[in-house]
Amino acid sequence: MIIQNAKVIVCSPGRNFVTLKINTDEGIYGVGDGTLNGRELPVVSYLKDHIIPCLIGRDPFQIEDIWQYLYKGAYWRRGPVTMAAIGAVDMALWDIKAKALQTPLYNLLGGKSRDRVMVYSHANGCDLEASIDVVGKHLDEGYKAVRIQSGIPGVAGTYGVTNTKDPYEPAQRGLPPESKHWSTEKYLKYVPTLFQKIRDTFGDEPRLLHDCHHRLTPIEAGRLGKELEPYHLFWIEDCIPAELQEGFRVIRQHTTTPLAVGEVFNSIWDTHILISEMLIDYIRTSICHGGGISHMKKVVSFAELYHVKTGFHGATDLSPVTLAASLHFDLAINNFGIQEYMPHNELTDEVFPHAYYFKDGFMYPGDEPGLGVDMDEEKAAEYPYERAYLPINRKEDGTLFDW
Ligand code: KDG
Ligand code: MG
């Protein structure tokens with residue numbers, strides 16, 4: 001079998017997605033996700049201009065060699081654009097191989113280690129009362145784990161919270177990017193009260209998660225983690241901007257609240273100190289941004305040695321292709337932790353028909369050969385790319401801050 005051609009399809013059924021489709025001479029094709037929210041087009045160029053011409057004629061079964069060729073062969077390594085592009089190729093190749101062998105992908109990753117994948121949902125409320133309300137709804141829908149983001153009193157609009165009935169979608173179409181507001185003081189005062197109220201209302205059983213979205217310093221994160229200890233969170237996520245891996249040493253000195261990080265990481269080199277010093281509990285790098293299944297297998301095996309589990313990024317800006325790949329991976333590995341799940345909108349599900357499904361708090365990848373997700377190209381063509389950006393964030397005095 002050889003790779004005959006490949007194409008990149010950008011579509012926007014509510015939000016932008018970059019999809020790579022690799023065709024072989026035997027009629028089997030594979031799909032991969034290369035979506036990088038707000039920076040989709042550089043990945044498209046990287047794939048079209050630099051990767052696809054080098055793939056034609058290669059044996060799609062030589063996944064590791066192709067991965068190394070694209071990574072080492074470019075000389076310039078890592079970075080979100082490069083790794084998302086390599087990730088898309090890698091996913092598509094694993095899809096091809098599993099389809100050719102007529103088996104679901106999880107069988108190539110070691111087979112099932114469990115029957116089902118526990119997921120966490122996003123409960124977003126504009127204030128305390130709305131947050132309690134929405135957590136109750138998610139528990140009624142069967143979720144066993146819920147991430148809670150709540151409007152901070154005195155702060156107009158913050159991460160994860162919407163005032164409309166629509167699910168939260170941070171990327172907004174058009175220019176300039178939306179501007180949000182932030183106050184660390186008000187946030188740190190509010191969050192422990194929020195979780196106290198949630199535990200008082202729903203008891204000990206639900207797993208509760210929270211995303212700080214890169215906004216604290218290490219010592220502030222230590223304080224938050226310590227103050228949340230009585231409420232036994234499953235994790236706090238991205239409590240600091242994590243380029244400085246050493247910053248986590250400070251947090252660990254102050255709290256036993258479990259820590260999750262990694263959705264903006266793209267290689268093992270972003271995380272090796274965090275893992276080997278056991279400074280984190282969950283690694284969240286997505287299969288798409290982390291160079292695909294081949295590289296994430298290495299990250300996750302390394303993590304396993306240090307008691308670090310997975311909690312793959314699963315926001316709606318990762319396409320159903322990444323979600324499917326994540327679910328196969330989650331099912332197969334031993335050190336699975338939890339999977340993030342934000343359901344895609346109806347249009348997206350129409351563009352990407354898939355075998356995976358949700359039932360009673362868990363997800364299942366389905367048993368179709370390969371990833372079990374396809375792309376309806378005609379439907380995709382009805383929703384062309386639309387420029388959209390993530391917001392920026394400013395402190396109360398106007399200083400540009402982490403979003
Ligand atoms: O593109 C950015 C989103 O994926 C991110 O804001 C979502 O933090 C996020 C999460 O935990 O899902
Ligand atoms: Mg996050």
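Counting convention: from 1, in listed order, for ligands and their atoms alike.
- Nearest protein neighbour of atom 1 (O) of ligand 1, counting heavy atoms only, is N37 ND2, 2.8 Å.
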**Asked** Step by step, would you call R58 with Y69 a side chain to side chain donor-acceptor pair (under 3.5 Å)?
**Response** CA-CA 11 Å; R58 286 182 187 278; Y69 177 84; 3.2 Å; yes

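- A donor-acceptor contact shorter than 3.5 Å links the side chain of Q172 to the backbone of E169.
- Note on D211: its N/O/S atom closest to the Mg ion (ligand 2) is OD2.
- Listed for the R252 side chain is a donor-acceptor partner under 3.5 Å among the backbone atoms of M278.
- Between D317 and ligand 1, an N or O atom pair is found at a separation short of 3.5 Å.
- With respect to atom 12 (O) of ligand 1, the closest heavy atom belonging to the protein is E340 OE2, 2.4 Å.
- Set against the non-hydrogen atoms of R147, the atoms of ligand 1 under 4.0 Å away are 10 (C), 11 (O), 12 (O).
- Using a distance-only test at 3.5 Å, with no hydrogens or angles considered, a donor-acceptor pair links the side chain of E229 to the main chain of T256.
- Residue contacts with ligand 1 for L390 involve side-chain atoms from C-beta outward but no N, CA, C or O (heavy atoms, distance under 4.0 Å).
- Cation-pi geometry between K99 and Y29 is met: under 6.0 angstrom from the ring centre, within 45 degrees of the axis.
- When only non-hydrogen protein atoms are considered, atom 6 (O) of ligand 1 lies nearest to H213 NE2, 2.8 Å.
- Those atoms of ligand 1 with a heavy atom of D211 less than 4.0 angstrom away are 8 (O), 9 (C), 10 (C), 11 (O).
- Short contacts between ligand 1 and A315, defined as distances under 4.0 Å to a heavy atom of the residue, involve ligand atoms 4 (O), 7 (C), 12 (O).
- A centroid separation of less than 6.0 Å is found between the aromatic rings of H210 and F195.
- Residue contacts with ligand 1: Y120 is placed with no nitrogen or oxygen under 3.5 Å of a nitrogen or oxygen of the ligand (distance criterion only).
- Residue W403 places a heavy atom less than 4.0 Å from ligand 1.
- Of all N, O or S atoms in E237, the one lying closest to the Mg ion (ligand 2) is OE2.
- Remark: minimum distance from atom 7 (C) of ligand 1 to any protein heavy atom is reached at Y159 OH, 3.5 Å.
- In this structure, W235 has its ring center under 6.0 Å from that of Y120.
- No more than 12 heavy atoms of other residues, nucleotides or ligands lie within 6.0 Å of CD in E378, so this atom counts as exposed by the packing criterion.
- Atom 8 (O) of ligand 1 has as its closest protein heavy atom E263 OE2, 2.7 Å.
- E263 contributes atom OE1 as its closest N/O/S atom to the Mg ion (ligand 2).
- Contact check on K298 versus E64 returns a salt bridge, with a Lys/Arg side-chain nitrogen under 4.0 Å from an Asp/Glu carboxylate oxygen.
- Checked by atom type, the side-chain pair R15/N37 shows a donor-acceptor distance below 3.5 Å.
- Residue M342 does not touch ligand 1, judged by heavy-atom distances below 4.0 Å.
- Atom numbering of ligand 1 starts at 1 in the shown order; those under 4.0 Å from a heavy atom of H313 are 4 (O), 7 (C), 9 (C), 10 (C), 12 (O).
- The residues D360 and K144 are annotated as salt-bridged, a charged nitrogen and a carboxylate oxygen being separated by less than 4.0 angstrom.
- Not a single N, O or S atom of E340, from either the backbone or the side chain, sits less than 2.8 Å from the Mg ion (ligand 2).
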